[in-house]
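Along the sequence shown, residues are numbered consecutively beginning with 1.
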Amino acid sequence: MRIRAAVALLAVAALAGCSADSSPMPIAKPFTTTLGPSPATTERPAPPKCDPRASLAPAGALPPPGKMPAGSYMETIQKRGRLVLGTSQDTLLFSSRNPFNGQIEGFDVDMGRQIAQAIFGDPGKIQIKVIGYDKRVSSAADGSVDIVADTMTANCERWVDVDFSTIYYEAGQKVLVSKNSTAKTIEDLGGKRICSVQGSTSFDRIATVKAKPVAVARAAFGDCLVAFQRNEVDAITTDDTILAGMAVQDPYAKVIGDKISEEPYAMAMSNEHPEFTRFVNAVLERNRADGTWKKTYEKWLSALGPAPTPPKAKYR
Ligand code: GLU
C-alpha cells in the first residue's frame, strides 16, 4: 500500500500548490458527506427542452489577432490584456497542477489558450481562476470569468443561464473501483459508498441508480481520489475522461462498464455577449479543420485511446 499512500500524498500536494498564473484557491469549505440522493436532485424541476449541442454559428471569418471588432466583448478582453479562464486544478489530463512547475495545464486549459491565441496572437495572455464544479455556471453567467473550460457538460438546464460553445469533446459517465472488485457496472454497487462532486451531472445521477448505492459528496474530484485511497469510499463516479486521469494516478484502481450517460463538453460564457460565443465557435471550427484539435488531443488524452474525429459543430 506504500505506493498508494504516496499517490494520495501527491494528490494532496497538487491540491495545495499554487502558481503565479492563477488566482489562489479560496479556503476549502469542510467536506460535505451526503447519504442518499441530494434534496436538490429530487426537488429540481424538469429541465427545458433544447438541443444542448447546438450553439450560435460563427459570424464570418475570424478577425486577425490583436484587431478585435470595436464594441465587441473580444475587444473588452483585448483591452484588458488577458483572457480570464475558469477551470479546476485537480482534473489530471484536463486541468491540473503540474507538480514540477505549479502551472495548471491540460486539454481544457489548452482550449482556453487557443481562444487567447485568437484574440491576442499569444496563448500565454490568460489568467486562470480555479473555481469549484458547483460554481461553473454562476462564474460564467456573472462574468467573474470570461469563459469556463472545465469538463463541463452542455445541457438544457445550464443553457438557461449561460451560452455554450459547440461541443469540443464527447465524454460519458463511468465508475472507478478497486482492481479486485467484482463489480461490472454501477448497478453492482448497491449499498456501496460512491464518491462524486456536488454540482456535477454524475453526482445527481447516483440518485437514479436502482441498486441504491450511497452517494458521498466531496468538494472536488481530487478529494474523491484521496477518499478512495483512504478507503472512505468504495468507488468514484464521474466522466470517463476524469476517471482516466485518476486511473493514471492509482495502480490499484480500474474503470468499469460502458458509458452510462452522454456528457458533451463545451465552453461556457455569459449569454449577454453572443458575439463572443460566435467567435469561440469560429476558433473551434478552425482548430478542428487545421489539425490543432487532434494535436491537442494527442498531447493530453492518449490515455483515452487514439484521437477520434473531433465532434462536428452543430448550430441553431
Ligand atoms: N461533465 C460533468 C459536468 O459538467 C462533470 C463531471 C461529472 O459530472 O462527474 O457536470
Side-chain angles (χ1 to χ4, degrees), residues 1-15 17 87-100 104-110 133 150-153 169-189 192-197 200-203 205-206 209 213 215-263 265 296-308:
M1 284 289 139
R2 204 175 294 146
I3 299 177
R4 200 148 147 162
V7 172
L9 278 177
L10 193 65
V12 173
L15 283 171
T87 194
S88 315
Q89 63 173 345
D90 62 346
T91 308
L92 192 70
L93 311 180
F94 280 80
S95 51
S96 71
R97 292 243 181 229
N98 177 328
F100 298 110
I104 298 178
E105 59 182 32
F107 190 81
D108 277 343
V109 174
D110 278 3
Y133 263 62
D150 194 12
T151 61
M152 187 169 182
T153 301
Y169 191 86
E170 289 282 355
Q173 186 178 347
K174 287 195 175 185
V175 184
L176 176 142
V177 292
S178 260
K179 271 231 168 107
N180 66 356
S181 168
T182 54
K184 296 269 178 286
T185 78
I186 197 166
E187 291 295 350
D188 297 327
L189 295 173
K192 301 281 186 205
R193 300 157 302 172
I194 308 188
C195 189
S196 198
V197 170
S200 73
T201 49
S202 306
F203 182 79
R205 209 166 284 112
I206 300 175
V209 177
V216 178
R218 287 288 188 267
F221 282 110
D223 299 329
C224 277
L225 181 58
V226 173
F228 176 76
Q229 291 171 333
R230 287 182 178 153
N231 254 327
E232 291 165 8
V233 298
D234 306 294
I236 303 171
T237 188
T238 177
D239 299 343
D240 53 350
T241 45
I242 301 172
L243 293 179
M246 292 185 186
V248 167
Q249 297 174 78
D250 191 336
Y252 297 94
K254 66 178 177 187
V255 178
I256 54 165
D258 296 327
K259 288 181 183 174
I260 54 177
S261 67
E262 288 183 2
E263 307 290 338
Y265 289 173
T296 314
Y297 180 102
E298 285 164 352
K299 180 174 170 198
W300 297 109
L301 304 183
S302 41
L304 286 153

Restricting to non-hydrogen atoms, name the atom on [X] and the atom on [Y] that form the minimum distance, rounded to 0.1 Å.
{"X": "V233", "Y": "C224", "answer": "CG2-O, 4.3 Å"}
{"X": "L189", "Y": "P213", "answer": "O-CB, 3.4 Å"}
{"X": "F203", "Y": "A217", "answer": "CE1-CB, 3.6 Å"}
{"X": "V197", "Y": "A219", "answer": "CG1-O, 3.5 Å"}

Hey, are the side chains of [X] and [Y] touching, using non-hydrogen atoms and a 4.5 Å cut-off?
{"X": "K184", "Y": "I256", "value": "no"}
{"X": "S200", "Y": "F221", "value": "yes"}
{"X": "Y169", "Y": "L301", "value": "yes"}
{"X": "F107", "Y": "T296", "value": "yes"}
{"X": "R230", "Y": "V226", "value": "yes"}

Just checking, is any N or O donor in the side chain of D108 or Y265 under 3.5 Å from an acceptor N or O on the other one?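 No - no donor-acceptor pair under 3.5 Å links their side chains.
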
Quiz item: Between D234 and R193, is there a donor-acceptor pair closer than 3.5 Å when you use the side chain of the first and the backbone of the second?
Solution: yes

Would E263 and R205 count as a salt bridge (charged side-chain N to carboxylate O under 4.0 Å, His left out) here? Give the steps.
CA-CA 12 Å; E263 307 290 338; R205 209 166 284 112; 3.0 Å; yes

Can you check side chain to side chain contact (heavy atoms under 4.5 Å, CB included) on L243 and I236, steps first, answer last?
CA-CA 8 Å; L243 293 179; I236 303 171; 4.1 Å; yes

ask   = Would you say E298 has more than 12 foreign heavy atoms packed within less than 6.0 Å of its CD?
value = yes

